[in-house]
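Every number for a ligand or one of its atoms is a count from 1 in the order of the listing. We number each residue from 1, following the sequence as shown.
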Amino acid sequence: MLSWPAPLLPTLPGTGPALKVHDTARGEVVATAPDRTARMYVCGITPYDATHLGHAATYLAFDLINRVWRDAGHAVHYVQNVTDIDDPLLERAERDGEDWIVLAMRETALFREDMTALRVLPPEDYIGAVEAIPRIVGYVETLLDEGLAYVLDDGTGDIYHDISQAPGFGDRSRYDEATMLGFFGERGGDPERAGKRQPLDPMLWRGARPGEPSWPGPRGTDGRPGWHIECAAIALDTLGMGFDVQGGGSDLIFPHHEYSAVHAEALTATKPFARAYVHAAMIGLDGEKMSKSRGNLVFVSKLRGEGVDPMAIRLALLSGHYRTDRVWTPALLREAEERLATWRRAVTQDSGAPAGPVLHGLRERLGDDLDSPGAIAVVDAWAAATLSGAGEQEEHAPTMVCDAVDALLGVALADC
Ligand code: 5CA
Ligand code: ZN
């Protein structure tokens with residue numbers, strides 16, 4: 001699939017520190033240790049509705065990882081999928097009497113525009129589930145051939161992974177069985193389905209149903225792919241095993257990231273799928289998680305349409321830490337707009353407070369588990385010192401800070 005255009009990324013003097021991030025599997029902040037090219041897979045949207053601020057916050061968190069790695073001297077191979085065939089998409093298309101392909105294409109196009117406006121660095125590989133189907137089919141056949149998957153005995157053609165044969169099952173999320181069963185039922189799984197070997201066995205392939213789109217499948221069974229094998233297959237094909245970061249929102253810890261990892265580890269008989277599993281907390285509105293199914297959404301495109309500066313949206317979302325569940329409020333946006341105006345005034349001065357400590361502070365804060373509130377505080381202090389005119393002032397400082405804020409926080413302030 002077509003990705004979106006890359007924003008300009010200013011080059012900064014020197015290099016930043018190695019990135020530390022929180023790994024869900026180990027339950028602690030760990031140092032990432034990428035090769036020359038860091039490898040990251042982030043779960044993309046299911047395009048049945050527009051990008052809301054929860055999605056945006058999650059992609060911004062991983063955009064910071066991308067930026068910090070690049071600043072530390074790495075190239076970054078970044079991969080993202082689009083779940084352009086799945087139950088929620090078909091249900092929405094049916095509800096609205098629309099062709100599911102048209103719906104998916106429209107919402108994916110809008111997502112690209114929103115990401116471009118927010119200055120999110122684009123993935124090098126942006127891959128739809130539909131285009132990955134031939135590869136997914138091959139992987140499901142492999143699991144069947146090895147006796148690790150089975151076809152349900154009820155004539156539907158549905159295929160499941162036998163989780164009792166997956167030794168590492170549960171290693172990522174580390175939930176107990178009751179918790180797993182609860183989330184599995186809430187998030188697209190079917191723990192009650194009759195005929196499965198274990199309630200927690202996940203679907204790999206769904207046999208064709210009347211009226212549903214289908215493709216040629218494993219052993220000649222038409223149908224469509226399960227959700228978790230989609231991301232396992234795309235990550236394997238683009239990044240291979242042992243990539244540095246698998247990312248998404250915290251609602252993907254279980255079942256999605258657990259099963260993607262278990263599928264890939266079963267397919268390759270190697271570990272690990274990813275070296276770290278990084279999860280962004282949930283953005284809520286009016287006391288509830290922002291979600292398409294609840295309908296309590298604030299869309300990036302709606303705010304843009306009202307004339308809100310995307311850089312203010314970016315700054316508002318980064319003013320909270322990525323691992324803290326938080327609510328969106330109009331006050332948050334107003335505060336970000338004021339901050340943006342102040343920063344813009346400061347970077348367009350002829351001289352400003354010394355820039356070296358700002359660059360150091362930004363690198364240090366972001367390298368430490370993406371402390372964006374701490375990084376913002378560093379720039380706030382510099383802007384205050386610059387606008388007051390008190391203390392030491394340097395001629396090139398505003399330009400340097402402008403570049404550093406752009407490269408590391410992704411906030412474009414002026415034509416520096
Ligand atoms: N297509 C799958 C992933 S393969 C999916 O979860 N799509 S999604 O459109 O539902 O979500 C896209 C991304 O946004 C996921 O990483 C999800 O965890 C994240 N997300 C969804 N809702 C929120 C929210 N309220 N706050 C923060 N992140 C969210
Ligand atoms: Zn995914």
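For Asp71, the side-chain hydrogen bond (donor to acceptor under 3.5 Å, both in side chains) criterion is met by Arg363, not counting sequence neighbours.
A salt bridge links Asp237 to Arg135: at least one charged side-chain nitrogen sits closer than 4.0 Å to a carboxylate oxygen. Arg174 has no carboxylate O lying under 4.0 Å from a charged side-chain N of Asp171, or vice versa, which leaves the two without a salt bridge.
Of all atoms in ligand 1, numbered sequentially from 1 with element shown, those under 4.0 Å from a heavy atom of Asn81 are 4 (S). Near Gly249, the atoms of ligand 1 lying under 4.0 angstrom from a non-hydrogen atom of the residue are 16 (O), 17 (C), 18 (O). The contact set between ligand 1 and His256, taken as ligand atoms under 4.0 Å from a residue heavy atom, comprises 4 (S). Near Gly248, meaning under 4.0 Å from any of its heavy atoms, are these atoms of ligand 1: 16 (O). For ligand 1, the atoms closer than 4.0 angstrom to any heavy atom of Thr83 are 1 (N), 2 (C), 4 (S). Taking a cut-off of under 4.0 Å to the non-hydrogen atoms of Cys43, the atoms of ligand 1 that pass are 3 (C), 4 (S), 16 (O). Atoms of ligand 1 found under 4.0 Å from any heavy atom of Ala281 (numbered from 1 in listed order, with element): 27 (C). Heavy-atom contacts of Leu252 reach the following atoms of ligand 1: 6 (O), 15 (C), 16 (O), 18 (O) (cutoff under 4.0 Å).
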- Kindly indicate, with the supporting measurements, whether the criterion side chain to side chain contact (heavy atoms under 4.5 Å, CB included) is fulfilled by Leu285 and Leu297. CA-CA 7 Å; Leu285 188 72; Leu297 306 174; over 6 Å; no
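Heavy atoms of Cys231 approach ligand 1 to within less than 4.0 angstrom. Put simply, part of His52 is less than 4.0 Å from ligand 1, judged by heavy atoms. Ligand 1 is approached by Gly44 to a heavy-atom distance shorter than 4.0 Å.
Ring centroids of Phe111 and Trp4 are separated by less than 6.0 Å, placing the two rings close together. Checked against the 6.0 Å centroid threshold, His257 and His228 do not count as a close aromatic pair. Between Tyr259 and Phe184, the distance separating the two ring centers is shorter than 6.0 angstrom. Between Phe243 and Phe273, the distance separating the two ring centers is shorter than 6.0 angstrom.
Counting non-hydrogen atoms of other residues, nucleotides and ligands closer than 6.0 Å to CE of Met105 gives a total of 12 or fewer.
The aromatic rings of Phe254 and Tyr175 lie perpendicular to each other, with more than 60° between the two planes, well past the 30° mark. Relative orientation of the His55 and Tyr59 rings is tilted, given thresholds of 30° and 60° on the angle between their planes.
Across the listed options His257, Arg326, Met282, Met282 owns the non-hydrogen atom lying nearest to atom 23 (C) of ligand 1. When the heavy-atom distances from atom 17 (C) of ligand 1 to Ile283, Thr58, Asp251 are ranked, the shortest goes to Asp251.
Cation-pi check for Arg197 over Tyr150 is met; the charged atom lies under 6.0 angstrom from the ring centroid and within 45 degrees of its normal.
Taking distance alone, with nitrogen or oxygen atoms compared against 3.5 Å, Thr46 approaches ligand 1 more closely than that limit.
Around the Zn ion (ligand 2), the protein atoms of type N, O or S found under 2.8 Å away are Cys43 SG, Cys231 SG, His256 NE2, listed by chain and number.
In this structure, the side chain of Trp205 engages the main chain of Thr221 through a donor-acceptor pair within 3.5 Å.
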